[in-house]
There are 2 protein chains.
Amino acid sequence: MGVNILLVGAGAVGAFYASRLHQPEKGVHVSVVCRSNYKAVLASGFQLKTRAFGEYTFKPQAVFPSCKAAAEANPSIVYDYVVIATKALPDIDDEPQEVAPVVTPGRSSIVLIQNGVGIEAPHRARFPANPILSAVTVISAAQTEPGVVVQHRWTRISIGPFSGDEDSSLAQSTINQRDQYAQSSLERLVAIFHDGGISDAEGWDTIQIQLVRWHKIAINAAFNPSSVLSGGWGNADMVNDSELRQHTRGCMQEVFDAARKIFGRPFPSDLATIDAIIRSTERNKGSKPSMLLDWEAGRPMELEVILGNPIRIAQRYGIQMPRLQTMYGLLRMAAQKRGIQRPREATPSTAKL
Amino acid sequence: MGVNILLVGAGAVGAFYASRLHQPEKGVHVSVVCRSNYKAVLASGFQLKTRAFGEYTFKPQAVFPSCKAAAEANPSIVYDYVVIATKALPDIDDEPQEVAPVVTPGRSSIVLIQNGVGIEAPHRARFPANPILSAVTVISAAQTEPGVVVQHRWTRISIGPFSGDEDSSLAQSTINQRDQYAQSSLERLVAIFHDGGISDAEGWDTIQIQLVRWHKIAINAAFNPSSVLSGGWGNADMVNDSELRQHTRGCMQEVFDAARKIFGRPFPSDLATIDAIIRSTERNKGSKPSMLLDWEAGRPMELEVILGNPIRIAQRYGIQMPRLQTMYGLLRMAAQKRGIQRPREATPSTAKL
């Protein structure tokens, strides 16, 4: 029995993982939804230049310009996995609405390869009966021109199921059934990754994957907005300045403390300590965080999922994160001033996790 | 017996108070040191357009381009008061060094009409035997062209003595003598202000004047840097945004809490509460904080006295101010990125108060 995967948002990270998941000889078929690189990928697929697997071409099963187009092209297809690897902009995009045409209720597993926290809630609200798999990556990759993807370092992807049924109208038996299905869906996906050579694809439980996600947000929330607000310094510049070192450390501490309270346990010991993050950042000269690149290009930033959501989730647990809230307030208004970010009317999700 | 006053930094605020202190008929003579407006003031004095006292011309006793020039012009004069009304930039200017030529040791009272906290320490270190009077103003005034000063609202000036002898090598008896002299000097200065029509000139004790100063810093530290970091919003815009309202409130709370711990008592009840400040700021539409005007003009900002000094003073009492420290780190590096602020080698004062 074959496996159909639709990858939505085939930028550098999405295209890299899509190319490893695509195993037609084993019946695993990956199609992609492309935006800016649609024409190039339709014409000649992806050219991959990877450190992990050398150079190769990846021709997806099919290439679509939108989820709607994908649904119309294959009305009868059931996608086992709808993998979303877009930038997470819940204040601007209604992503569940966009992917709805390709999500078969109760069947398609929705896989979120995205930054930030609280990203699952809008999908849970829209697709109460579908498995949601939350994925956190550690990878350095870039699309150097449309369809050309360079993977510099790392391949790790951590995946775990998301439940989040605070507001659900589903019967508990339906939820239990869905979550059992999510578990087998997770195991199958991790196995496909392993078959594709991603040996550090890891499956986790619902709490552990959130801890991994919050650990990554600690780093992103400390460095991304600071880079923009300080006028464009890179991560290494910041930790090598005594005041910004204290600031970034303080930001990470706020997230570490909040996560411990929210989940009732500290970060797993295999995740880097704040000291270790600071030390490795000292040496990472020349790299600019994604939010700075977005800001410099006049593109919307992942403000809500990197700052807004963690602040709101923490507040619901009675936890304040003053440094993060300060940066959130400042950067949100700075983006408005520049006309970069025009939030849609709907407020970002306020579901718990 | 006459009183000689030298006012250093005759911008809008300095010129307004100088014009009220100057009472030649009573033997009170005010000379001024001007920078950018030197030529205009030398030629025709100051034109004042005041709400409190109508329109009038103020011709100072003498006009100098620098303290050194003042000292050379009148080598034998003793200034009873050297009133400093410049912008406080301890990271850039060595102000005690600049005023030293006009300060008679043990005789001249140094009056600091400046924003920020910790501004007295460099003067105390340089002039251990001179009275220092610390002054906090509530006034709205602007220099619309060189030598033309408009006073819009308010006249209040609160003044109190500063001791600060943690690192002093003076004998205790000398300190006592100096502080007694400071007290009589303060009383005389307040009386001259009253004679000049500033009926809300108020004399306070050493603790109370610091509480007034820290109360003002609560407002300045909350709104000034936020205005720059948020991309140029005014104070009213900020409190009318829910996130920046929470942020500015949090900043003020940090200073209120710190001041209570440092001084062992809350702010006097006649000073505005945080709620009252927020409410009055809501209505103050269109006004831009001074730090934003400086930033927009590419001038150095009063970062050290508004953020750096309060943070360092609080830290010596074991108190953290995370929101302020975050803004300090960010804005300091943003100013460096723009090439606005090139700190001199000497670190800002670290004396206690």
Side-chain angles (χ1 to χ4, degrees), chain A residues 91 221-235 237-254 257 292 295-296 303-304 307-308 311-312 315 320-341 343 347-348, chain B residues 91 221-235 237-254 257 292 295-296 303-304 307-308 311-312 315 320-341 343 347-348:
Chain A
D91 49 330
F223 291 103
N224 270 286
S226 306
S227 178
V228 178
L229 287 167
S230 68
W233 295 94
N235 292 357
D237 301 317
M238 291 191 283
V239 297
N240 287 317
D241 172 69
S242 62
E243 294 293 336
L244 281 187
R245 187 187 184 92
Q246 186 180 339
H247 155 71
T248 52
R249 183 183 286 280
C251 290
M252 288 191 274
Q253 194 66 55
E254 286 184 358
D257 291 347
L292 177 61
W295 172 266
E296 288 177 343
L303 250 187
E304 294 304 330
L307 291 175
I311 290 166
R312 283 184 287 268
Q315 277 174 349
Q320 301 301 315
M321 301 201 278
R323 292 182 192 269
L324 264 55
Q325 199 276 331
T326 278
M327 292 200 295
Y328 178 53
L330 294 169
L331 195 47
R332 205 167 144 270
M333 288 291 270
Q336 274 190 47
K337 195 77 178 183
R338 272 190 81 191
I340 291 179
Q341 220 133 342
T347 52
Chain B
D91 49 330
F223 291 103
N224 270 286
S226 305
S227 179
V228 178
L229 287 166
S230 69
W233 296 94
N235 291 358
D237 302 317
M238 291 192 282
V239 297
N240 288 318
D241 172 69
S242 61
E243 294 293 336
L244 281 187
R245 186 186 185 92
Q246 185 180 338
H247 154 72
T248 52
R249 182 183 288 280
C251 290
M252 288 191 274
Q253 194 66 55
E254 286 184 358
D257 290 346
L292 176 61
W295 172 265
E296 289 178 342
L303 251 186
E304 295 303 330
L307 290 174
I311 290 167
R312 283 184 287 269
Q315 277 175 349
Q320 300 301 315
M321 301 200 279
R323 292 182 193 270
L324 264 54
Q325 199 276 331
T326 278
M327 292 201 296
Y328 178 53
L330 294 169
L331 196 47
R332 204 167 145 271
M333 288 290 272
Q336 274 191 46
K337 196 76 177 183
R338 272 189 83 192
I340 291 178
Q341 220 133 342
T347 53

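Quick note on labels: first sequence line is chain A, next is B, and so on, each numbered from 1.
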Between Cys251(B), Ser230(B), Ser242(B), which residue shows the highest count of heavy-atom pairs closer than 4.5 Å to chain A?
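Going by pairs under 4.5 Å, I would pick Ser230(B).
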Please enumerate all residues that pass salt bridge (charged side-chain N to carboxylate O under 4.0 Å, His left out) together with Asp241(B), with sequence neighbours excluded.
Arg332(A)
Among residues at least two apart in sequence or on other chains, which ones pass salt bridge (charged side-chain N to carboxylate O under 4.0 Å, His left out) with Arg245(B)?
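Once residues adjacent in sequence are excluded, the partners of Arg245(B) under the salt bridge (charged side-chain N to carboxylate O under 4.0 Å, His left out) criterion are Glu282(B).
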Residue selection (most heavy-atom pairs with chain B, distance under 4.5 Å) from Pro322(A), Gly232(A), Ala334(A), Gly329(A):
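That would be Pro322(A).
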Lys337(A) to Gly231(B) - nearest heavy-atom pair and separation:
CG-O, 3.3 Å
Bottom line for Leu229(B): the part with an atom under 4.5 Å from chain A's heavy atoms is both
Taking C-beta and beyond as the side chain, do His247(B) and Gln325(A) meet within less than 4.5 Å on heavy atoms?
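His247(B) reaches Gln325(A) side chain to side chain.
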